[in-house]
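Take this structure, written in C-alpha cells, and hold onto it; I'll ask about it next.
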Amino acid sequence: MSISASRNPLTRTPLAHQQTETFRKLADIARQEAGLSIEPQKFAMLQTRLTTRLRRLGLSSFEDYLALVSDATDATERGEFISVLTTNVSSFFREPHHFSALAKDIGPALVAKQERGDRVRIWSAGCSNGQEPLSIAMTLIDHGVVRPNGDVKILATDIDPNVIRFAASGTYPDRMISGLPPQNRDRFFDQVTGEDGVSWRASKSVRDLISYRELNLLSPWPMTGKFDVIFCRNVVIYFDQDTQDQLWERFTKILTDDGHLILGHSERLSEPAVLAFHTSGTTTYRHVASATPE
C-alpha cells in the first residue's frame with residue numbers, strides 16, 4: 001500500500017510543535033550518549049539523517065523511533081542512532097601538513113625514543129573508516145620512524161562499531177582511496193578482486209602497526225599508558241564547549257611530556273588546557289608538562 005506524500009509522517013515538512021519536542025528529546029539522547037551538540041536549527045538535518053533509518057526499521061513516525069532509542073535495554077539501536085548522526089567522511093592524507101609535521105618535526109623524537117629502548121604510542125581518536133591511522137602508519141614507515149626492533153603501535157578508535165569493523169579490514173574500493181598517492185598505493189597496498197570488484201588491501205606490514213577498538217570518547221578510557229601523539233581531527237566540532245573542555249583536559253593527562261595533540265582545521269584548544277601546550281604548527285600542539293594546570 002502506498003502512502004501519499006501529504007500523509008507520510010517521514011516527508012520533509014516544517015516541524016510541528018510535537019515533532020520539534022521529539023527532536024529535542026532525540027538531541028538530548030545524542031548529547032548524553034556521545035556529547036553531540038545538536039541545536040534546534042539543526043533539527044532538519046536530524047530529520048533527514050533519521051528518515052532512512054526509520055524506513056529500514058519499518059517505523060512510521062519519529063515518535064516511535066524516540067520510544068525505541070529511549071528504551072534503556074536497547075543499547076544496540078542507540079549505537080545505530082549515534083552512527084547515523086556522525087559523518088564518516090574521510091580520505092587518505094587528509095590535511096597533509098599534519099603528516100608532514102609527523103614525519104619531519106615529530107618523527108626525530110620518536111626515533112630517539114626507540115633508540116633509548118622506549119616505546120612509541122600514537123592514538124587516532126575518531127578514526128572513521130581507517131584512512132587516518134593507515135596514513136599515519138605509512139608516514140612512519142616511509143620516513144624511517146619505524147625502527148628495526150622498535151616498539152611502535154597505533155591505536156585507532158571510533159564510537160561507531162560499523163566503521164571500526166570496516167577499518168579493521170584494511171580494504172578499500174577504488175572510490176575510497178582518494179588522496180592516496182599512486183606510489184603509496186603500489187608500495188603499501190595489494191590489489192584484490194572480490195564480489196564488489198577491485199579493491200585495495202593494506203599490506204600486513206602496515207596493518208600490524210594498528211589496533212582497532214570501539215570507544216566512546218565520553219566514556220572511561222581503558223588505556224593505561226601515555227601517548228606520544230594524539231590525532232583527534234574533525235571530531236570535537238560535534239561537541240558543545242563544556243564537553244570539549246573536558247576532553248582537552250583528559251587528552252592533556254594522557255599525553256607524554258612533549259607529546260603532540262593534532263586537531264582538525266576548524267578546531268582550537270581553549271583555556272585552561274591551551275596553557276599546557278605550545279603551538280608547533282597548524283592546529284598542532286606540543287604538550288609542556290611543566291605548564292599543565294592543576
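What's counted below: heavy atoms across the whole structure, side chains too, no hydrogens, waters or symmetry copies.
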message: Assess, by modelled atom type and distance only, whether the side chains of Glu63 and Thr22 contain a donor and an acceptor separated by less than 3.5 Å.
response: yes
Presence of salt bridge, Glu77 and Arg53, under 4.0 angstrom: yes
- request: Taking all heavy atoms of Ala137 and all of Leu209, pick out the closest pair and write down the distance.
  value: CB-CD1, 3.9 Å
- request: Return yes if some donor-acceptor pair links the side-chain N/O of Thr243 with the main-chain N/O of Phe239 below 3.5 Å, else return no.
  value: no
task: Over all heavy atoms of both residues, which pair between Tyr172 and Gln131 is shortest? Give the atoms and the distance, please.
output: OH-N, 3.7 Å
- request: Heavy atoms only: give me the nearest Thr256-His287 pair and the separation to one decimal.
  value: O-ND1, 3.0 Å
task: Output yes when Arg187 and Asp142 qualify as a salt bridge under the 4.0 Å nitrogen-oxygen rule, no when they do not.
output: yes
- prompt: Is there side-chain contact between Ser124 and Leu155, with heavy atoms separated by less than 4.5 Å?
  reply: no
- request: Before accepting this row, confirm whether a basic side-chain N of the pair Arg233/Glu132 lies closer than 4.0 Å to the acidic partner's carboxylate O.
  value: yes
message: With a sphere of 6.0 Å drawn around CZ of Arg56, does it hold more than 12 non-hydrogen atoms of other residues, nucleotides or ligands?
response: no
Heavy atoms of other groups near Lys25 NZ, more than 12 under 6.0 Å: no
task: Using the side chain to side chain contact (heavy atoms under 4.5 Å, CB included) rule, take Val198 and Gln191 through it: C-alpha gap first, then chi angles, then the decisive distance, then the call.
output: CA-CA 7 Å; Val198 174; Gln191 191 177 67; 3.5 Å; yes
query: So which heavy atom on Ser219 is nearest to which on Arg250, and how close?
result: O-NH2, 2.9 Å
Pairwise distance CZ(Arg94) to CZ(Phe92) - rounded to 0.5 angstrom: 13.5 Å
- prompt: Is the backbone N or O of Gly79 less than 3.5 Å from a side-chain atom of Ser83, with the two atoms forming a donor-acceptor pair by type?
  reply: no
- prompt: Do the side chain of Thr284 and the main chain of Thr282 share a donor and acceptor less than 3.5 angstrom apart?
  reply: yes
- prompt: Closest heavy-atom contact between Leu215 and Pro220?
  reply: CD1-O, 4.0 Å
query: What residues form a side chain to side chain donor-acceptor pair (under 3.5 Å) with Arg31, not counting sequence neighbours?
result: Asp240
Ile177 and Arg185: CA distance, side-chain angles, deciding distance, side chain to side chain contact (heavy atoms under 4.5 Å, CB included) verdict: CA-CA 9 Å; Ile177 61 171; Arg185 183 199 64 195; 4.2 Å; yes
- request: Evaluate the side chain to side chain contact (heavy atoms under 4.5 Å, CB included) criterion for residues Phe251 and Cys232: first the C-alpha distance (whole Å), next the side-chain angles of each, then the deciding distance (0.1 Å), finally the verdict.
  value: CA-CA 10 Å; Phe251 281 147; Cys232 186; 3.7 Å; yes
- request: Mind checking the CG-CG spacing from Leu180 to Leu134? Nearest 0.5 Å is all I need.
  value: 9.0 Å
- prompt: What distance do Glu80 atom CD and Leu57 atom CG have between them, rounded to the nearest 0.5 Å?
  reply: 8.5 Å
query: Mind checking whether Leu102 and Leu263 sit in one hydrophobic cluster, side chains of I, L, V, M, F, W, Y counted as touching below 4.5 Å?
result: no
query: Is there a donor-acceptor contact under 3.5 Å linking the side chains of Gln114 and Asn149?
result: no
Transitive ILVMFWY side-chain link Val229 to Leu140, under 4.5 Å: yes
- prompt: Should the ring pair Phe93 and Phe99 be called parallel, tilted or perpendicular, given that the plane angle runs from 0 to 90° and is split at 30 and 60?
  reply: perpendicular
In one Ile/Leu/Val/Met/Phe/Trp/Tyr side-chain cluster, 4.5 Å: Ile237, Ile159: yes
message: Are Leu217 and Ile154 linked, directly or through intermediate hydrophobic residues, by side-chain heavy-atom contacts shorter than 4.5 Å (ILVMFWY only)?
response: no
field: Partners meeting side chain to side chain donor-acceptor pair (under 3.5 Å) with Thr171 (sequence neighbours left out)
entry: none
Please tabulate, one pair per line, all N/O donor-acceptor pairs under 3.5 Å involving side-chain atoms of residues 268-279, not counting sequence neighbours.
| unit_1 | atom_1 | unit_2 | atom_2 | d |
| --- | --- | --- | --- | --- |
| Arg268 | NH1 | His265 | O | 2.9 |
| Ser270 | OG | Gln241 | NE2 | 3.3 |
| Ser270 | OG | Asp245 | OD1 | 2.6 |
| Ser270 | OG | Trp248 | NE1 | 3.4 |
| His278 | ND1 | Arg286 | NH2 | 3.2 |

Show me, pair by pair, the donor-acceptor contacts under 3.5 angstrom made by side chains of residues 33-41, not counting sequence neighbours?
| unit_1 | atom_1 | unit_2 | atom_2 | d |
| --- | --- | --- | --- | --- |
| Glu33 | OE2 | Arg78 | NE | 3.3 |
| Ser37 | OG | Glu39 | OE2 | 3.1 |

Heavy-atom pair of closest approach, residues Ile254 and Trp221: CD1-CE3, 3.9 Å
field: side chain to side chain contact (heavy atoms under 4.5 Å, CB included) against Pro108, all qualifying residues, sequence neighbours excluded
entry: none
- prompt: Quick one: salt bridge (charged side-chain N to carboxylate O under 4.0 Å, His left out) partners of Asp186, sequence neighbours excluded?
  reply: none
query: So Ile164 and Cys127, side chain to side chain contact (heavy atoms under 4.5 Å, CB included) or not? Walk me through it.
result: CA-CA 8 Å; Ile164 283 294; Cys127 69; 3.8 Å; yes
field: Residues in side chain to side chain donor-acceptor pair (under 3.5 Å) contact with Asp105, at least two apart in sequence or another chain
entry: none
- request: Kindly say whether the aromatic ring centers of Phe188 and Trp200 come within a distance under 6.0 Å.
  value: no
message: I'd like to check the side chain to side chain contact (heavy atoms under 4.5 Å, CB included) partners of Pro96; sequence neighbours left out, ordered by chain and number.
response: none
- request: List in chain and number order the residues that pass side chain to side chain donor-acceptor pair (under 3.5 Å) with Thr157, two or more places apart in sequence or in another chain; answer none if no residue qualifies.
  value: Trp123
field: His98 vs Phe231 side-chain heavy atoms within contact, under 4.5 Å
entry: yes
task: Please identify each residue that fulfils side chain to side chain contact (heavy atoms under 4.5 Å, CB included) with Arg121, with sequence neighbours left out.
output: Arg119, Asp151, Lys153, Phe227, Asp228
- line: Sequence neighbours excluded, the answer for salt bridge (charged side-chain N to carboxylate O under 4.0 Å, His left out) partners of Glu214 is none
message: Run the side chain to side chain contact (heavy atoms under 4.5 Å, CB included) test against Arg175 and tell me which residues pass, sequence neighbours left out.
response: Pro173
message: Between Leu218 and Leu26, is there shared hydrophobic-cluster membership here, with clusters defined by ILVMFWY side-chain heavy atoms closer than 4.5 Å?
response: yes
message: Is it the case that the side chain of Arg49 and the backbone of Leu85 share a donor-acceptor pair, with hydrogens and angles ignored and the cut-off at 3.5 Å?
response: yes
Validation row, ring centre Tyr212 to ring centre Phe166 under 6.0 Å: no
- request: Starting at CD1 of Ile122, measure out to CD1 of Ile136 and round the result to the nearest 0.5 Å.
  value: 6.0 Å
- prompt: Which value, rounded to the nearest 0.5 Å, describes the distance between Leu261 atom CG and Leu247 atom CG?
  reply: 8.5 Å
task: Check whether any side-chain heavy atom of Leu50 sits under 4.5 Å from a side-chain heavy atom of Phe81, and report yes or no.
output: yes
- prompt: What distance do Glu21 atom CD and Phe62 atom CZ have between them, rounded to the nearest 0.5 Å?
  reply: 15.5 Å
- request: Give a yes or no answer on whether the side chain of Asn234 reaches the backbone of Gly264 with a donor-acceptor pair at less than 3.5 Å.
  value: no
